[in-house]
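As the structure is a computational prediction, the values presented were derived from the model and not from experiment. Naming convention: chains lettered A, B, ... in sequence-line order (proteins, then strands); numbering from 1 in each chain.
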Number of protein chains: 2
Amino acid sequence: MLENLHKIEVQSPVDLIITQIRNLISTKQVLPGDKLPSERKLAEHLGVSRGNVRAAISKLEFYGIVKVHANSGTRVTGLGIPALEGLITDILAMENVDFGSLVDTRILLEKEATRLAAIKRTDQDLKEIKTAMLNYENKLMKGEQAVEEDLLFHIKIAEASKNSVLKSLMLIITPDIVKNFINLKVCDESNNRKTIEEHRQIIDMISTRDADQAEKAMTTHLEAVKAFSQNFKP
Amino acid sequence: MLENLHKIEVQSPVDLIITQIRNLISTKQVLPGDKLPSERKLAEHLGVSRGNVRAAISKLEFYGIVKVHANSGTRVTGLGIPALEGLITDILAMENVDFGSLVDTRILLEKEATRLAAIKRTDQDLKEIKTAMLNYENKLMKGEQAVEEDLLFHIKIAEASKNSVLKSLMLIITPDIVKNFINLKVCDESNNRKTIEEHRQIIDMISTRDADQAEKAMTTHLEAVKAFSQNFKP
DNA sequence: TATTTAAAAGTGGTTAACCAAATATAGTTA
DNA sequence: TAACTATATTTGGTTAACCACTTTTAAATA
């Protein structure tokens with residue numbers, strides 16, 4: 001009997017409001033550059049409190065959809081209406097992203113980061129990467145999970161690439177990776193020794209500034225993760 | 001005389017609060033899994049209103065640093081303390097990213113997106129890409145700027161790649177690209193004909209499902225942009 | 001009529017009080 | 001003593017009033 005009950009979609013007030021405002025924009029009732037209705041009017045029309053409208057607009061500003069000007073108004077930014085069609089929902093939906101895409105994209109970013117790191121790393125970078133690696137190994141030796149320490153090792157490499165955007169994007173997808181790893185219990189204890197060896201090889205190649213080999217080592221390291229993820233596709 | 005005046009760093013209250021909370025976490029006064037002090041106590045200690053603390057925590061939740069539980073408390077998420085060291089500031093600083101990194105990373109993402117699009121595109125995808133291209137051309141013919149339409153063309157390709165993360169990341173960096181393009185007045189009218197031709201080649205290769213040639217065509221298309229950006233490095 | 005000026009209406013920003021749910025505490029009972 | 005219960009406290013969520021600044025409006029002035 002219970003299987004006939006459908007899961008209730010809890011949709012927070014602010015998400016509802018965001019949807020409404022998006023409609024306002026995509027139906028061209030508000031053009032880019034135009035002012036959004038004031039927070040008070042929005043609140044009254046939507047039948048919610050101004051605080052909720054405020055929170056929704058705050059999110060919208062995060063996504064770069066609108067720009068609030070103190071005491072003056074909130075304007076829709078120039079990024080054209082057409083692009084907005086699916087934009088907001090897509091970014092919001094990133095939370096429920098499929099693991100395969102996540103791993104593929106991670107590999108793409110990390111390969112490039114490793115290549116660049118081999119070329120542009122400073123001695124200080126190398127030192128920090130090694131420290132991160134040791135932190136990972138130590139935690140592993142104590143028999144604890146070390147997903148976060150592992151990720152930090154990779155982020156340090158991205159840092160050494162001197163490409164700030166590359167690093168930022170890695171930071172953005174990192175929480176999702178951590179979440180999925182823990183959910184799926186990816187951490188295979190038997191692979192620890194192999195992982196440690198692969199890390200050391202990557203560092204060696206970065207250390208000797210061999211970009212091609214560094215990228216190759218990282219690719220090898222990540223392909224195992226990808227193979228694993230494919231076994232868990234729903 | 002005026003040159004002796006230093007620009008005043010306007011730092012909004014919430015950014016200050018975020019910094020304080022970050023310190024609280026990175027100095028291990030609050031461990032992952034621990035509850036953050038209540039909003040009221042934070043507000044009192046920091047000498048600000050609870051609303052500001054609320055806004056700061058909201059941002060922190062966006063970044064995945066904390067998770068708020070209604071009527072119970074706000075907890076620091078598992079993503080380890082070490083990674084937090086520079087995380088928040090880095091993401092916040094992404095607004096002032098250097099154009100070179102931005103273009104490099106865009107090329108990286110787009111090459112992969114184009115490759116995948118050639119393989120995985122549906123007929124519907126192809127149709128939408130062509131529509132986006134025509135929108136771009138039409139606006140160009142009217143002598144208007146068409147940065148946004150250009151970007152939308154590229155986003156449609158990312159959509160066809162069927163890799164949601166890839167698309168999301170492109171959406172994230174798109175506003176920055178638009179901003180910089182407009183600031184630098186990159187749109188070179190003399191290149192219009194060349195750009196249109198390159199777009200058509202990319203579509204042809206995606207249409208015939210030739211992944212290698214599609215990626216190559218996209219690379220050619222973007223290299224011009226990269227060359228331009230290097231002439232404008234500060 | 002064109003320009004200036006002053007008042008009023010509107011804006012986002014901020015604050016303090018109140019709400020219901022979750023939690024901790026003390027009291028009661030077996 | 002242990003388990004349960006009722007109460008008090010603490011929590012994030014919500015609301016409405018107030019603030020300072022901006023924009024609009026309309027009146028006064030040249």
Side-chain angles (χ1 to χ4, degrees), chain A residues 8-22 24-25 29-78 88 92 95, chain B residues 8-22 24-25 29-78 88 92 95:
Chain A
I8 296 175
E9 286 287 338
V10 281
Q11 206 160 5
S12 78
V14 309
D15 283 344
L16 263 322
I17 298 173
I18 287 181
T19 304
Q20 296 273 351
I21 296 181
R22 176 168 71 84
L24 217 58
I25 298 176
Q29 294 180 54
V30 183
L31 298 171
D34 282 358
K35 269 199 293 205
L36 224 53
S38 77
E39 297 179 351
R40 287 173 178 80
K41 283 177 184 167
L42 281 173
E44 189 182 357
H45 263 86
L46 298 173
V48 296
S49 86
R50 207 184 131 205
N52 279 329
V53 173
R54 209 132 209 296
I57 289 180
S58 170
K59 278 198 176 187
L60 254 4
E61 190 177 24
F62 255 53
Y63 297 133
I65 310 301
V66 301
K67 173 79 179 166
V68 317
H69 302 270
N71 310 324
S72 166
T74 301
R75 305 193 109 91
V76 178
T77 55
I88 309 173
L92 286 179
E95 290 162 21
Chain B
I8 295 175
E9 285 287 338
V10 281
Q11 207 161 7
S12 77
V14 309
D15 283 345
L16 265 322
I17 298 173
I18 287 181
T19 304
Q20 297 274 350
I21 296 180
R22 177 167 69 86
L24 216 59
I25 298 176
Q29 294 180 54
V30 183
L31 298 170
D34 281 358
K35 268 198 294 203
L36 226 52
S38 77
E39 296 178 351
R40 287 173 177 80
K41 284 177 184 165
L42 281 173
E44 190 183 357
H45 264 85
L46 299 174
V48 296
S49 87
R50 206 187 131 205
N52 280 327
V53 173
R54 206 133 211 296
I57 289 180
S58 169
K59 279 199 176 186
L60 254 4
E61 192 178 22
F62 257 52
Y63 297 133
I65 311 301
V66 301
K67 173 77 180 168
V68 317
H69 301 270
N71 311 325
S72 165
T74 301
R75 304 194 110 90
V76 177
T77 57
I88 308 173
L92 286 180
E95 291 163 20

Checklist entry - For atom NE2 of A:His45, is the number of surrounding heavy atoms from other residues, nucleotides or ligands below 6.0 Å larger than 12? => result no
Checklist entry - What's the CZ-C1' distance between A:Arg54 and C:dT15, to the nearest Å? => result 12 Å
Checklist entry - For A:Ile17, which of A:Ile57, A:Asn52, A:Leu42 qualifies under side chain to side chain contact (heavy atoms under 4.5 Å, CB included)? => result A:Asn52
Checklist entry - To the nearest angstrom, how far is B:Ile17 atom CD1 from C:dG13 atom P? => result 14 Å
Next on the checklist: Could you tell me how far apart A:Lys35 (NZ) and C:dG12 (P) are, to the nearest whole angstrom?
Outcome noted: 8 Å
Checklist outcome for this item: Separation between CZ (B:Arg75) and NE2 (B:His69), nearest 0.5 Å, reads 6.5 Å
Item to check | Selection from C:dA20, C:dG12, D:dT22 that lies nearest to any side-chain heavy atom of B:Asn71 | outcome: C:dA20
Checklist entry - Atom NZ of A:Lys67 to atom P of C:dG12: distance rounded to whole Å? => result 14 Å
Item to check | Selection from D:dT23, C:dT14, D:dG12 that lies nearest to any side-chain heavy atom of A:Arg50 | outcome: C:dT14
Checklist outcome for this item: d(B:Arg40 CZ, B:Arg54 CZ) to nearest 0.5 Å is 9.5 Å
Checklist entry - Looking only at side-chain N and O atoms, does A:Ser38 come under 4.0 Å of OP1 or OP2 in C:dG10? => result no
Checklist entry - In whole angstrom, what separates B:Glu39's CD from C:dA16's P? => result 15 Å
Next on the checklist: Is the phosphate of C:dG12 approached by A:Thr74 (side-chain N or O, under 4.0 Å from OP1 or OP2)?
Outcome noted: yes
Checklist entry - Can you name the closest pair of heavy atoms from A:Val30 and A:Lys35 and give their distance? => result CG1-O, 4.0 Å
Next on the checklist: Without decimals, in angstroms, what is the distance between B:Arg75 CZ and C:dA22 C1'?
Outcome noted: 12 Å
Next on the checklist: With a 4.0 Å limit, can you tell me whether B:Asn52 has a side-chain N or O closer than that to the phosphate oxygens OP1/OP2 of C:dG13?
Outcome noted: no
Next on the checklist: Between A:Ser49 and D:dT15, is there a contact of a side-chain N or O with OP1 or OP2 at under 4.0 Å?
Outcome noted: yes
Checklist outcome for this item: Rounded to whole Å, the CG-P distance (A:Leu42 to C:dG10) equals 16 Å
Item to check | d(NE2, B:His69; C1', D:dT11) in whole Å | outcome: 12 Å
Checklist entry - Taking the nucleotide of DNA chain C with the closest heavy atom to each, which residue, B:Gly51 or B:Arg40, is nearer the 5' end? => result B:Gly51
